Amino acid sequence: MQQTNTPLPPAAQALPGPRFAVAGLTCLRPMRQDYLGFIGAVQSQHPDIAAWRVGWERMVHVFHPDWMRQVLVDQSDGWIRWERATDNFAQSMGQNVLVTEGAVWQRQRRMMLAGFTPKRVAAYAHHMVSACDEALQTLTTSVNEQPLDVQALMTHITMDVIVRTLFGHANAIDSARVSTAIRELSAEGYAQLFRPWNLPMWWPSAGMRRARAARDFLNALIAAQIETRRRALGQGSVDETQVSDLLAMLLLAQDPENPGQGLSTQEVHDQTMVMFQAGHETSATALTWWAGLVARHPEVLARLQTEVDTVLQGAPPTSERLQQMPWLQASLKEAMRLYPPAALLMTRRTLRDLDCGPWKIAKGSLVTITPALIQRDPRWFAEPDHFKPERFLPGAPEFPRSAWLPFGTGPRVCLGQHFAMLEMGVIAALLLQRFSLHWPTQQPWPEREVHITLQPKTPMKLVFRARPFNGRGN
């Protein structure tokens with residue numbers, strides 16, 4: 001990797017960055033094989049910003065949180081999401097709020113916001129408790145000293161949560177098959193990002209055949225649920241505030257700026273599709289890393305269990321009770337600092353020249369933000385590779401506002417962040433009530449690997465030991 005060096009002052013020179021042979025195309029394969037390792041090596045040489053060309057595209061990676069915020073927040077009207085990425089996800093998940101732009105995106109987001117306010121999200125807690133209770137009751141009867149795959153457990157629980165929250169029930173829905181379908185779509189979608197161009201869904205490759213089958217299965221499931229829920233709601237006989245499932249909320253949603261206008265059936269379908277992916281895979285991944293970190297730090301585990309036992313007294317967790325557990329909240333935030341599920345944010349295309357610290361990012365550039373690297377920068381976090389939940393306790397030293405961004409930032413900040421924090425808090429609290437988590441002797445800590453989310457490269461297995469539990473209090 002040859003580095004650019006020039007004596008010109010920053011405002012007068014081109015953006016710093018590496019140079020690669022063959023118009024930068026030689027970097028695509030190592031990026032796909034180890035994205036964070038590759039970009040991390042660039043960051044070590046260019047800690048604030050780095051730019052280089054890949055084919056005809058100009059790539060700009062912004063690592064400084066203040067400059068990143070300047071681009072994403074202060075100049076949010078100066079970019080759109082990378083067209084290839086949005087086209088890629090639209091192929092499998094439709095025109096949902098994740099990929100739409102402009103007036104369409106604004107309209108969709110306005111109508112969905114009502115279902116994700118803190119008050120409305122709190123009403124979903126009973127779905128989360130029910131799903132987790134069932135899974136942990138089964139685990140209690142089968143647990144022994146054999147290590148269990150924690151990611152499989154978290155995936156099962158979070159998929160059950162999103163199914164119940166979306167549809168108000170889990171009757172006759174094969175959550176395991178839904179989860180497998182989501183993984184198939186995600187794997188093929190991620191692979192597409194490192195090809196010279198997107199392959200169409202009809203392409204006769206093995207990966208695309210699996211993706212088509214997964215999409216068709218999910219499309220049929222969602223269509224059937226929409227039809228069933230629409231019939232149950234009747235013709236205007238139920239108000240949006242009277243329902244506690246997301247699908248009904250979507251069907252009843254009205255545009256606050258255009259009363260009487262709602263989401264079309266296709267829009268409801270597409271929003272439901274993306275909720276499957278965003279609502280379970282990201283939370284399952286975050287909880288997997290959290291559980292492993294807690295198991296590796298018995299002193300943190302003991303403090304968390306004392307807090308959970310003191311606050312809950314055997315009762316189920318609620319949104320209000322979770323707010324009384326600062327150590328639990330801090331441990332989840334610290335786990336997401338070290339291992340953010342969205343390790344890299346969707347790339348942005350600049351629509352005009354943008355200011356970025358002392359630099360200018362030219363119109364037409366592709367700007368990428370990598371939370372997994374920004375959140376481990378030693379300039380913002382002392383001992384950045386260590387698990388220290390106290391960083392997020394009241395009174396802890398401050399860090400730059402955008403140095404922690406597992407949910408993104410700016411107008412595209414994750415719509416479901418309150419949902420995700422409640423879901424993870426409920427599952428973590430219930431798990432700590434019933435079990436102690438232990439790291440198996442001789443098991444190495446898994447390397448991280450980017451797919452759509454940041455996954456352990458090898459299975460993470462933990463020993464679950466049951467704790468005394470006296471049922472539910474009030």
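For the numbers below, each heavy atom of this structure counts, side chains included, while hydrogens, waters and symmetry mates do not. Computed from a predicted structure; not experimentally measured.
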Student check: side-chain heavy atoms of L153 and L148 closer than 4.5 Å: no
Over 12 non-hydrogen atoms of neighbours within 6.0 angstrom of CH2 in W203: no
Flag, side chain of Q95 to backbone of A90, donor-acceptor distance under 3.5 Å: no
Check: S130 side chain, H126 main-chain N or O, donor-acceptor pair, under 3.5 Å: yes
Spacing of L166 atom CG and Q271 atom CD [to the nearest 0.5 Å]: 11.5 Å
Polar contact flag, side-chain donor to acceptor under 3.5 angstrom, Q108-T100: yes
Note: E257-R110 ion pair, threshold 4.0 Å (strictly below): yes
Check against side chain to side chain contact (heavy atoms under 4.5 Å, CB included), R183 and R210: CA-CA 10 Å; R183 285 199 303 272; R210 289 192 295 270; over 6 Å; no
Sidechain-backbone polar pair: Q75 side chain, Q70 backbone, donor-acceptor under 3.5 Å: yes
Aromatic plane relationship, F399 with F381 - under 30° parallel, 30 to 60° tilted, over 60° perpendicular: tilted
Short side-chain donor-acceptor distance under 3.5 Å, Q266 and D270: yes
Output field: ring centroids W380/H64 closer than 6.0 Å: yes
Side chain to side chain contact (heavy atoms under 4.5 Å, CB included) partner of L366, chosen from M59, R348, R84, H61: M59
4.5 Å side-chain heavy-atom contact, L332 and F392: no
W105 six-ring face occupied by R412 cation (under 6.0 Å, within 45°): yes
Flag for R81-T347: side-chain donor and acceptor within less than 3.5 Å: no
From CD (E398) to CZ (R391), nearest 0.5 Å: 15.0 Å
Test log, rule side chain to side chain contact (heavy atoms under 4.5 Å, CB included), inputs L354 and R352: CA-CA 6 Å; L354 298 182; R352 55 180 170 82; 3.5 Å; yes
T180 side chain to R177 side chain, donor-acceptor N/O pair below 3.5 angstrom: no
Check: E307 and R303 side chains under 4.5 Å, non-hydrogen atoms: no
R321 backbone acceptor or donor facing T318 side chain under 3.5 Å: yes
Atom CD of E447: over 12 foreign heavy atoms under 6.0 Å: no
Under-4.0 Å salt bridge between R212 and D216: no
L431 and W290: CA distance, side-chain angles, deciding distance, side chain to side chain contact (heavy atoms under 4.5 Å, CB included) verdict: CA-CA 12 Å; L431 189 64; W290 170 83; 4.1 Å; yes
Donor-acceptor contact present, side-chain D245 to main-chain T165, <3.5 Å: no
Side-chain donor-acceptor pair present, S436, Q305, cut-off under 3.5 Å: yes
Plane angle bin for W404 and F407 - parallel if under 30°, tilted between 30 and 60°, otherwise perpendicular: perpendicular
Value rounded to 0.5 Å, distance of OG in S283 from CE in M154: 11.0 Å
Min side-chain heavy-atom separation L462-H438 under 4.5 Å: no
S319 side chain reached by V121 side chain, heavy atoms, under 4.5 Å: no
Nearest-0.5 Å distance, CD1 of residue I222 to CZ of residue R229: 15.5 Å
Spacing of OG1 belonging to T306 relative to CE belonging to M325, to within rounding of 0.5 Å: 12.5 Å
Parallel, tilted or perpendicular: rings of F167 and F276 (30°, 60°): perpendicular
Flag, side chain of E267 to backbone of S264, donor-acceptor distance under 3.5 Å: yes
Parallel, tilted or perpendicular, as decided by the 30° and 60° cut-offs, for the rings of F116 and F419: perpendicular
4.5 Å side-chain heavy-atom contact, T285 and Y339: no
Donor on one side chain, acceptor on other, Q455 and T453, under 3.5 Å: yes
Any donor-acceptor pair under 3.5 Å from Q91 side chain to L199 backbone: yes
Any donor-acceptor pair under 3.5 Å from R337 side chain to P384 backbone: yes
Check: Q261 side chain, Q254 main-chain N or O, donor-acceptor pair, under 3.5 Å: no
Exam field: side chain Q313 to backbone T310, donor-acceptor pair closer than 3.5 Å: yes
Close side-chain approach of M275 and L250, heavy atoms under 4.5 Å: yes
Exercise: do S205 and R209 side chains pair donor with acceptor under 3.5 Å: no
Any side-chain donor near an acceptor of the partner, E134 and H156, under 3.5 Å: no
